[in-house]
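The analysis underlying the following values was restricted to heavy atoms, covering all of them including side chains, and did not include hydrogens, waters or symmetry mates. Convention: sequence-line order gives letters A, B, ...; per-chain numbering from 1.
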Amino acid sequence: MRVRFAPSPTGFLHIGGVRTALFNWLFARHYGGQFILRLEDTDEKRFVQDAADDIMASMRWVGMNWDEGPDVGGPHAPYVQSERKALGIYQGPADALVASGHAYKCFVTPEGEEAMRAAWAAKGERPERFRFRGPERDWTPAQTAEAEANGRPFTIRLKVPLDGATSFSDLVRGGDQITIANADLYDLVLLKTSGMPTYHLAHLVDDHLMGVTHVIRGEEWVPSAPYHIMLYQAFGWHMPTFAHVPNILRQDGKGKLSKRKDDVSTNRFWERGYLSQAMFNYLALQGWSYDDKTEIMSRDEIVARFTIDRVQASPARWNPDKLKDMNGIYIRSLPTAEVAKLLMPYMVKAGMVADPPRAEDLSYLTQLTPLVHERLEELQQAAEMLAFFFADLPAYEPKLLIQKQMDAARTADVLRAAHAALNSIEVWATDTLEAQLRDLVGRMAVKPGQIFGSIRVAVSGRTVAPPLFETLAALGRERSMARIAAAAIALE
RNA sequence: GCCCCCAUAGUCUAGCGGCCUAGGACGUCACCCUUUCAAGGUGAAGAUCGCGGGUUCGAAUCCCGCUGGGGGUACCA
C-alpha cells in the first residue's frame, strides 16, 4: 500500500489539511505501507515562499513522518513538481495523449474562451450550461501543425467524450459508484501555455510513477475524479483506489474551513499550548471513529484501529471546545515536572521569566506548576494564572476583598488578625499555614470562605486563583505578609 | 443556474432490518466534594433518527421523491 499527501505550498497548512494528511498517514501505518509527501507547486501564481517548510513543520508537530518526500528523498525523487517538470516528466505523457487522440493542442486564448461563452449565450443557450470544447477537437493534423508553425501558444486539453458517462467507486461511500455525465464535463487543460502541467495531469502522472495504490484526498476532488478516471484509461495505467474523505466545516457550518477566515493555522495551536497528542487524537476523530465510546486513544492505538470503512461520508464541524477539553485531558495525564518544562517557554514569552531561564526559574516554576496543572486547557493560560507570583500585584479594587456578609471594617479586622496569626508561624509551609488559618476561622467566628476569600484577593489580586495554602507557601512569607498588610490598609 | 456528495440532540459521533423505551463525548444546567476556580463524582434537560411516500411481519437502518447543508463549476490546487 502506498499513499501520499500532496499539498500545494500556497500558504500555511490548516487543520483540515492536516486531518487529510493524517488519514493518509494512518492508512499507511495501519497496513505497513509507505506514506509519501509530495509538493504540488504547479500554480506559478500562488507560490508562497516558506510555505513548504511550514507545512512540513506542522505535519511533524502533529506526529507524522514520511517515508519519501522533498527533504528525505526517496526512490522517486524529486518530490517537488516544479523540479519534476524541469526534468520533463510531464511533457512525454502529455504528448502521448495527443498522439493517441485522447488529448489535443488547443490554441484558444483566455480571451478567445470568453468570446466563445458570449457566442454561446447569444445563441440562446443558458450561459451556465457552457462546457468548453475546443474547435481543435476536429482539426486535421495539418491544421494543428500550421498553427503551431505560426508560433501560436497552445495548451494541451483532454478530449472529453461528448456523451456517455464516467463512473468510479469510492471507499468512503462503501464502494458505491459515483457517476457523472460526460456532457457535464469540459475539455480540461492538462498542460498550460507555459508548459507547466495542471494539477490534474501532474498528480496523476506522479501517482502512477510513484506507485500510489490509494488516493485518499478531500471530497472537493469528487467532481474532478471523472477526468482522472479518463486519464488513467487513456494512459492504460492501473487505477488506484479512491477514498474521498469529508471536509471539516467551519464552526458555524457556513462552508469549509478557510485559511483566511478562520484561525486554524496549525502552528497557532502549538503557540497556544496544544499538545501534539491532543491534536492528533482530536483530528483523528474528525470524520473517523473507533466505536460508540472510545475517544481518548494513543497514537499507536489509533494506528492499530484506523480503517477507511469507519470514515464518515458526511462532513465534520470544527469544534474548538472539544479540542480544548481533550487538550486538558492530555495535560492532566502528564507528570507535573514535565508540564513545568512545557510551561517555561510561555513564561518567558510573557516576560515573567528571564530569557534564557536560569536553573532557579525552572525549580520555582516546578514548585508552582501543581497549582495550575489540572486547571490548564491550553499551556499558555499558565502565564496569566501565575502572573502574581512573578510581579508586584497590580492595583485591584479593594471591594474585592470584602466577602459575603462582611463589610470593610470587619474585613480589615480579619486581615489584621490573619497577619498576626501568620506572623507567629515558625515553619512557613502548606500544612502549618492551613492549621493556623483554620484555627483563626474558629476564633473569629466567621466562615472559612470569608477569611480565605479575603486573603486570596489580598495575595493574588483576584477572586479566582489557585488553592490558598499552597499559594501562600509558594509565594513565601515576606511577600504574603506584605500583601496582606497592604490589603488591610487599603480598606481603611 | 447546472453537476456531484451528504443528512441521528447546539456540536462530534455509535448504529449497517428485530439487541433502540436510540448508546457515548463536548457544550449547557443542577447537586455532591470544597477556601474561589478547576478537576473528580452523581444526575438532568436536549433527537417525532430532516420531511413525505414506499419495500417488509418488522426501518434510524433498504428504495424513491422533496427539503436542507456542503462541494464543484479556472491555463488554482
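Shown here, B:A14 forms no base pair; nothing in the strands shown gives a Watson-Crick or G-U wobble contact with both key distances under 3.5 Å. Of all nucleotides present, none satisfies the Watson-Crick or G-U wobble test against B:A22 with each distance under 3.5 Å. Nucleotide B:G52 forms a Watson-Crick or G-U wobble pair with B:C64, both donor-acceptor distances falling under 3.5 Å.
Taking atom CZ on A:Arg375 and atom P on B:G40, their separation rounds to 12 Å, with Å as the unit. Rounded to whole Å, atom P of B:C4 lies 15 Å from atom NE2 of A:His244. In this structure, CZ of A:Arg317 is placed 15 Å from P of B:A7, rounded to the nearest angstrom. Atom-to-atom, CZ of A:Phe132 to P of B:G72 comes out at 22 Å; the value is rounded to the nearest Å. Atom NE2 of A:His228 is separated from atom C1' of B:A77 by 10 Å (rounded to the nearest Å). Look at CG on A:Leu401: it is 14 Å from C1' on B:U36, rounded to the nearest Å. Rounded to whole Å, the distance from CD on A:Gln251 to C1' on B:G70 is 17 Å. A:Glu220 has its CD atom 16 Å from the P atom of B:A74, to the nearest Å.
You'll find the ring centres of A:Phe23 and A:Phe5 outside the 6.0 Å limit. Two rings, from A:Tyr227 and A:Tyr186, have their centers less than 6.0 Å apart. Checked against a 6.0 Å centroid threshold, the rings of A:Phe452 and A:Phe469 count as neighbours. Not less than 6.0 angstrom separates the ring centroid of A:Trp120 from the ring centroid of A:Phe132.
Between B:C19 and B:A59, the two C1' atoms lie 15 Å apart (nearest whole Å). Between B:G27 and B:U11, the distance separating the two P atoms is 16 Å to the nearest Å. Remark: the separation of the P atoms in B:A60 and B:G53 is 14 Å, to the nearest Å. The C1' atoms of B:G15 and B:A47 are separated by 14 Å, rounded to the nearest whole Å. Rounded to whole Å, the C1' atom of B:A30 lies 25 Å from the corresponding atom of B:U21. Taking the P atom of each, B:A14 and B:C62 are spaced 14 Å apart, rounded to whole Å. B:G52 and B:C57 are spaced 23 Å apart, taking the P atom of each and rounding to whole Å. Rounded to whole Å, the C1' atom of B:G68 lies 40 Å from the corresponding atom of B:C31.
Salt bridge annotation for A:Arg173-A:Asp176: absent, with no cationic side-chain nitrogen under 4.0 angstrom from a carboxylate oxygen. Using a cut-off of 4.0 Å between Lys/Arg side-chain N and Asp/Glu carboxylate O, A:Arg157 and A:Glu113 are scored as salt-bridged. A salt bridge does not link A:Glu44 to A:Lys85: none of the charged nitrogens lies less than 4.0 Å from a carboxylate oxygen. Checked for salt-bridge contact, A:Arg416 and A:Asp413 meet the test: a charged N lies under 4.0 Å from a carboxylate O. Under the 4.0 Å criterion applied to side-chain N and carboxylate O atoms, A:Arg305 and A:Asp291 are not assigned as salt-bridge partners.
Counting any heavy atom pair closer than 4.0 Å across all strands shown, A:Thr109 reaches a base atom.
Side-chain contact annotation: A:Asp95 with A:Gln91, donor-acceptor N/O pair under 3.5 Å present.
With sequence neighbours left out, the side-chain contact (heavy atoms from CB on, under 4.5 Å) criterion links A:Pro153 to A:Thr193.
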>> Please encode protein proximity along nucleotides 60-69 of chain B as a string of B, S and -, counting only heavy-atom distances under 4.0 Å.
In response: ----------

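Put simply, the side chain of A:Thr193 and the base of B:C75 share a donor and an acceptor less than 3.5 Å apart.
Within residues 37-48 of chain A, the residues approached by RNA chain B to less than 4.0 Å at the level of any non-hydrogen atom are A:Glu40, A:Thr42, A:Asp43, A:Lys45, A:Arg46, in residue-number order.
Between A:Arg332 and A:Ser289, the residue anchored closer to the 5' end of RNA chain B is A:Ser289, taking for each the nucleotide with the nearest heavy atom. Summary of the strand contacts: A:Ile329 and A:Tyr290 both lie near RNA chain B, and taking for each the nucleotide with the nearest heavy atom, the more 5' one is attributed to A:Tyr290.
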